[in-house]
*Asks:* 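This structure is in structure tokens; I'll ask about it shortly.
Throughout, residue positions are numbered sequentially from 1 according to the sequence presented. Heavy-atom basis, side chains included; hydrogens, waters and symmetry copies ignored.
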Amino acid sequence: MVRIAIVAVLAALIWGDGVGAAPPPRAGEEYQITRSYETKQTGGTSSGSSRGRDTLLERVVGVREDGLELEYDLSRDVPPQDRTPQWEFPARVLRKSDGSMLLLNTAELEVRLQAFLHAAGWTRALCGHWYFTWNAFQIQCDPKSVLATIPDFDLRSTDLREGAVYRDKAARRPGTLTRRPGKADEARFAVVMEADPDAVRRARAEADVVVGEIMQKPVTLEAALRERMKEDVSGTIEVVFEADPAGDARRRTKVTRLRISAPGEPPEIDVRTETLERGLASGPAALAKQPL
């Protein structure tokens with residue numbers, strides 16, 4: 001008990017209101033980033049649950065004056081037949097110091113895109129459409145579309161400190177990170193924001209369009225929005241970050257709780273929990289962390 005208390009005091013002195021400065025990335029380091037989700041729906045006209053999991057590998061190719069050269073790839077256990085539809089990976093990008101990203105291997109992605117379309121027997125006329133196997137997938141034909149996926153796996157860019165402003169696209173307004181008690185070897189920050197009803201309604205309407213296309217019962221986004229605008233939506237978004245003593249965010253847990261009421265129907269309660277975890281898999285720093 002005494003030892004734990006001493007460690008906690010030292011951590012507070014070192015971190016203060018934030019965390020220690022994270023060491024700069026080094027070429028050769030590889031990180032495994034796993035994003036998982038679980039949803040639960042009760043009330044309304046039906047109930048159910050779902051879950052899913054995706055993993056990307058982030059490799060530090062080089063440290064440049066204008067930013068970091070990174071490569072993002074699928075997990076090594078993804079079989080070849082599942083890699084072809086996910087032709088966007090591996091993707092090599094330059095993450096500039098201002099946070100913007102530049103795709104570096106566009107020509108390589110174009111070749112893999114052509115191989116994917118040929119294997120499926122499709123033409124570019126189907127670009128943007130949706131299809132269903134074990135999940136719903138959109139037929140992407142723009143190599144730069146991968147730049148919209150990579151930020152979903154980003155934990156490094158968050159300013160982790162007491163009082164920092166945090167934004168979420170599904171929140172009505174930004175929130176402020178506050179320090180929370182955590183384990184002796186971690187810093188924990190959290191924020192609770194009000195969900196934006198219009199953002200929720202639009203997301204549900206966009207899902208209606210996708211389902212309509214897959215079920216061959218097309219609906220326009222405008223028509224879906226008109227129906228969803230009749231719903232009364234309220235809820236919260238709670239985000240918790242956990243960082244190691246070096247200042248690297250290693251986990252983000254986001255819980256969205258929504259209450260949705262449609263005219264003439266009982267309220268629907270939706271709870272979605274998203275977890276993003278990032279850990280060093282290999283490289284110089286990983287070797288340094290191994291016990292002697």
*Asks:* CG/Leu102 to CZ/Arg95 distance, rounded to the nearest 0.5 angstrom?
*Replies:*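 Going from the CG atom of Leu102 to the CZ atom of Arg95 covers 13.0 Å.
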*Asks:* To check you understand the geometry: which heavy-atom pair defines the closest contact between Gln140 and Leu113, and what is its length?
*Replies:*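 Reported closest heavy-atom pair: O-CD1, 3.7 Å.
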*Asks:* Check Glu162 with Arg179, please: is the shortest side-chain N to carboxylate O separation under 4.0 Å?
*Replies:*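 Here Arg179 does not pair with Glu162 in a salt bridge, since their nearest N and O are not under 4.0 Å apart.
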*Asks:* Mind checking whether Val60 and Leu70 have side chains closer than 4.5 Å, heavy atoms only?
*Replies:*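 When only atoms from C-beta onward are counted, Leu70 and Val60 do touch, with a gap below 4.5 Å.
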*Asks:* I'd like to know whether NE2 of His129 has more than 12 heavy-atom contacts from other residues, nucleotides or ligands below 6.0 angstrom.
*Replies:*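 Enclosed: over 12 neighbouring heavy atoms sit under 6.0 Å from NE2 of His129.
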*Asks:* Do Glu186 and Arg250 have side-chain heavy atoms sitting under 4.5 Å apart?
*Replies:*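 In short, these two side chains touch, coming nearer than 4.5 Å.
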*Asks:* Is the shortest side-chain N to carboxylate O distance from Glu69 to Arg92 below 4.0 Å?
*Replies:*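 Yes, Glu69 and Arg92 are salt-bridged.
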*Asks:* Hey, any chance Leu56 and Leu94 share a hydrophobic cluster, counting ILVMFWY side chains that come within less than 4.5 Å of each other, even indirectly?
*Replies:*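 No: no chain of side-chain contacts under 4.5 Å links Leu56 to Leu94.
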*Asks:* Check the surroundings of atom CZ in Arg124: do more than 12 heavy atoms from other residues, nucleotides or ligands lie under 6.0 Å from it?
*Replies:*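 Yes, because the 6.0 Å sphere around CZ of Arg124 holds more than 12 heavy atoms from other groups.
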*Asks:* What are the two closest non-hydrogen atoms of Leu103 and Pro143, and how far apart are they?
*Replies:*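 Residues Leu103 and Pro143, closest heavy atoms: CD2-O, 3.6 Å.
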*Asks:* I would like to know whether Ile269 and Arg257 meet side chain to side chain contact (heavy atoms under 4.5 Å, CB included); could you show each step before the answer?
*Replies:* CA-CA 7 Å; Ile269 305 299; Arg257 299 178 176 88; over 6 Å; no
*Asks:* Measuring centre to centre across the rings, with the benzene-like ring taken for any Trp, is Phe241 within less than 6.0 Å of Tyr166?
*Replies:*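 Phe241 vs Tyr166: aromatic centres under 6.0 Å.
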*Asks:* Rounded to the nearest 0.5 Å, what separation is found between the CG atom of Leu225 and the CD atom of Glu206?
*Replies:*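 One finds 7.5 Å between CG of Leu225 and CD of Glu206.
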*Asks:* Out of curiosity, does Leu109 fall in the hydrophobic cluster containing Leu104 (side-chain heavy atoms, cut-off under 4.5 Å, transitive links)?
*Replies:*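 Looking at the clustering, Leu109 is in a separate group from Leu104.
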*Asks:* Under 4.5 Å between side-chain heavy atoms, hopping through other hydrophobics if needed: is there a path connecting Leu74 to Trp87?
*Replies:*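 Yes: a chain of side-chain contacts under 4.5 Å links Leu74 to Trp87.
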*Asks:* Shared ILVMFWY cluster between Val146 and Val78, side chains joined below 4.5 angstrom?
*Replies:*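 Result: yes, single cluster for both.
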*Asks:* Counting only N and O atoms by type, is there a donor-acceptor contact under 3.5 Å from the side chain of Arg112 to the main-chain atoms of Pro90?
*Replies:*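 Yes; judged by distance alone, with no hydrogens or angles, the pair exists.
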*Asks:* Could you check if a side-chain atom of Tyr37 sits within less than 4.5 angstrom of a side-chain atom of Ser50, using non-hydrogen atoms only?
*Replies:*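 Touching, per the 4.5 Å side-chain cut-off.
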*Asks:* From Phe89 CZ over to Thr149 OG1, what is the distance, rounded to the nearest 0.5 angstrom?
*Replies:*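 With rounding to 0.5 Å, CZ (Phe89) is 5.5 Å from OG1 (Thr149).
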*Asks:* Is any side-chain heavy atom of Asp168 closer than 4.5 Å to one of Lys254?
*Replies:*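 Answer yes - side chains close enough.
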*Asks:* Report whether Val209 and Tyr131 are members of the same hydrophobic cluster (ILVMFWY, side-chain heavy atoms less than 4.5 Å apart, transitive linking).
*Replies:*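 Not linked; separate clusters.
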*Asks:* Kindly indicate whether the side chain of Leu177, heavy atoms from C-beta on, has any atom under 4.5 Å from the side chain of Arg161.
*Replies:*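 A side-chain contact under 4.5 Å is absent here.
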*Asks:* Looking only at non-hydrogen atoms, find the nearest pair between Arg252 and Asp154 and report the distance.
*Replies:*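 Heavy-atom minimum between the residues: NH1-O, 4.0 Å.
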*Asks:* Evaluate Thr34 against Asp54 for side chain to side chain contact (heavy atoms under 4.5 Å, CB included), listing each step before the verdict.
*Replies:* CA-CA 6 Å; Thr34 300; Asp54 297 299; over 6 Å; no
*Asks:* Give the minimum heavy-atom separation between Ala249 and Leu160, together with the two atoms involved.
*Replies:*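 Closest pair (atom of Ala249, atom of Leu160, distance): CB-CD1, 3.7 Å.
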*Asks:* Glu38 versus Ser49: any side-chain heavy-atom pair under 4.5 Å?
*Replies:*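 Counting from C-beta outward, Glu38 and Ser49 never come under 4.5 Å.
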*Asks:* Pick one: which of Arg226, Arg202, Arg204 meets salt bridge (charged side-chain N to carboxylate O under 4.0 Å, His left out) with Glu231?
*Replies:*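 Of Arg226, Arg202, Arg204, salt bridge (charged side-chain N to carboxylate O under 4.0 Å, His left out) with Glu231 is met by Arg204 alone.
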*Asks:* Give, for atom CD1 of Ile33 and atom CD of Glu277, the distance between the pair rounded to the nearest 0.5 Å.
*Replies:*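 Nearest 0.5 Å value for the CD1-CD distance: 11.5 Å.
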*Asks:* Would Asp196 and Arg173 pass as an ion pair if we require N to O under 4.0 Å?
*Replies:*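 Looking at Asp196 and Arg173, the cut-off is not met.
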*Asks:* Step by step, work out the side chain to side chain donor-acceptor pair (under 3.5 Å) result for Thr178 and Arg180.
*Replies:* CA-CA 6 Å; Thr178 59; Arg180 284 189 180 179; 4.9 Å; no
*Asks:* For a 4.5 angstrom cut-off between non-hydrogen side-chain atoms, does Val239 reach Met193?
*Replies:*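 In contact.
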*Asks:* If you count heavy atoms of other groups shown closer than 6.0 angstrom to CZ of Arg83, is the number above 12?
*Replies:*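 Check passes, neighbour count above 12.
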*Asks:* Taking Asp66 first and then Arg64, would you say they form a salt bridge - that is, a charged N and a carboxylate O separated by under 4.0 Å?
*Replies:*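 Salt bridge flag = yes for Arg64 with Asp66.
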*Asks:* Say you draw a straight line from CZ of Arg76 to CD of Glu30; how long is it, rounded to the nearest 0.5 Å?
*Replies:*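 It comes to 4.0 Å.
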*Asks:* Can you give me the closest heavy-atom contact between Arg251 and Leu155, atom names plus distance?
*Replies:*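 Scanning both residues, the minimum pair turns out to be N-CD1, 4.1 Å.
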*Asks:* What are the two closest non-hydrogen atoms of Pro85 and Glu88, and how far apart are they?
*Replies:*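 Heavy atoms of Pro85 and Glu88 come nearest at O-OE1, 4.1 Å.
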*Asks:* Are any of the side-chain heavy atoms of Arg272 and Asp270 separated by less than 4.5 Å?
*Replies:*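 With C-beta onward as the side chain, the pair stays apart.
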*Asks:* Report the distance from atom NZ of Lys230 to atom OG of Ser261, rounding to the nearest 0.5 Å.
*Replies:*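 It comes to 15.0 Å.
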